[in-house]
Amino acid sequence: MDSGAVGIIDLATKAVTRMRTKHESICGSVKFIPDRPRELVSGGYDTTLLHFDYHEGKILSTRKIPPFEAMGGMALSPPFVTSTAISSRGIIVAGTADGRLYIGYGGYKALQSKIGKKKRSRKWEGLNEDQDLILKKAEGPIVALAFDDSDVLTMSTLLGVMSRYEIEVDNEGSVIVDQLWEEGTKSVKKVNALVVDDKRVIVGGLTAEGKGVVEIWNREINYDIPIPPL
């Protein structure tokens, strides 16, 4: 919400539950954590990720994204959190307004088995500052993120630069990010949303004239089916 509040709606009962703590600015993204039925992560324009137990409404962990300093020590636009996604194996990513990609891998399930943990940690460590990486990946806001194939990420900037990355955590706990492709949208000039299925990347937004439009790409980059502006 614009107030920074974070909450959930029970679709069966229509009951609304709000978290006890809210963002200091707009809350722009909320995602449930796979296989953690009580937990979610929100991202806000206060440059912060909040990890909640939503049954109790309390914070479990937080991560504040530090500002990016360009050459000469000048800070660019604040790192507002403009999008988030969480993979089925527990990697969290967040896109920022200054074009950076936050990758938190402390909750990565495969990593826990690699380092010898026989039992799943009772606490999800996805926002652990000692197990994250922040990369400059775009020249503008990263407004849409979606995982498929467990650890393959599709992202888009506000102006429609789409790219796909394979994210891997090796046996030493280091993160490897390989770019698979990058391409600009055709009709969508301002991106609002992006989803991925087993074959396609679907991106929606506005044309240069301000009309709603959707583009459908296959995941191997070939532009597929244009849908006329609304």
For the residue pair Glu215 / Trp217, report whether a side-chain donor-acceptor contact shorter than 3.5 Å exists.
yes

Has the side chain of Ser61 got a donor or acceptor atom that lies under 3.5 Å from a matching backbone atom of Leu127?
no

What distance separates Phe80 CZ from Thr48 OG1, expressed to the nearest 0.5 Å?
11.5 Å

Tell me which pairs pass salt bridge (Lys or Arg N to Asp or Glu O under 4.0 Å) where either residue lies in residues 39-51, with sequence neighbours left out.
Arg36-Glu39

Does Ser88 have any side-chain contact (heavy atoms from CB on, under 4.5 Å) partners at least two apart in sequence or in another chain, and if so, which?
Ser150

Thr96 side chain vs Val81 backbone, donor-acceptor pair below 3.5 Å
no

Residues Ser42 and His23: side-chain donor-acceptor under 3.5 angstrom:
yes

Parallel, tilted or perpendicular, judged at 30° and 60°: which one describes the rings of His51 and Trp124?
perpendicular

Hits for side chain to side chain donor-acceptor pair (under 3.5 Å) against Asn192, two or more places apart or cross-chain, chain-then-number order -> none

Do Lys58 and Phe52 form a cation-pi contact, if we require the NZ or CZ to be under 6.0 Å from the six-membered ring centre and within 45 degrees of the ring's axis?
no

Out of Leu206, Val203, Val188, which one pairs with Val213 under the side chain to side chain contact (heavy atoms under 4.5 Å, CB included) rule?
Val188

Using the salt bridge (charged side-chain N to carboxylate O under 4.0 Å, His left out) criterion, which residues pair with Arg38? Sequence neighbours excluded.
Asp53, Glu56

Ignoring hydrogens and geometry beyond distance, is a side-chain donor-acceptor pair present between Tyr105 and Gln131 at under 3.5 Å?
no

Restricting to side chain to side chain donor-acceptor pair (under 3.5 Å), what partner residues turn up for Thr84, sequence neighbours left out?
Ser29

Asp178: what forms a salt bridge (charged side-chain N to carboxylate O under 4.0 Å, His left out) with it, not counting sequence neighbours?
none

List in chain and number order the residues that pass salt bridge (charged side-chain N to carboxylate O under 4.0 Å, His left out) with Asp151, two or more places apart in sequence or in another chain; answer none if no residue qualifies.
Arg89

Who passes side-chain contact (heavy atoms from CB on, under 4.5 Å) against Leu158, sequence neighbours left out?
Pro141, Val143, Lys190

Contacts of Glu209 that satisfy side chain to side chain donor-acceptor pair (under 3.5 Å) - sequence neighbours left out:
Thr207

Student check: side-chain heavy atoms of Ile103 and Val177 closer than 4.5 Å
yes

Salt bridge (charged side-chain N to carboxylate O under 4.0 Å, His left out) against Glu24, all qualifying residues, sequence neighbours excluded:
none

Quick one: ring pair (Phe, Tyr, Trp, His ring centres under 6.0 Å) partners of Phe147, sequence neighbours excluded?
none

Pair Asp35 + Lys109, salt bridge at N-O below 4.0 Å
yes

Is it the case that atom CD1 in Ile176 sees more than 12 heavy atoms from other parts of the structure closer than 6.0 Å?
yes

Residues in side chain to side chain donor-acceptor pair (under 3.5 Å) with Glu129, at least two apart?
none

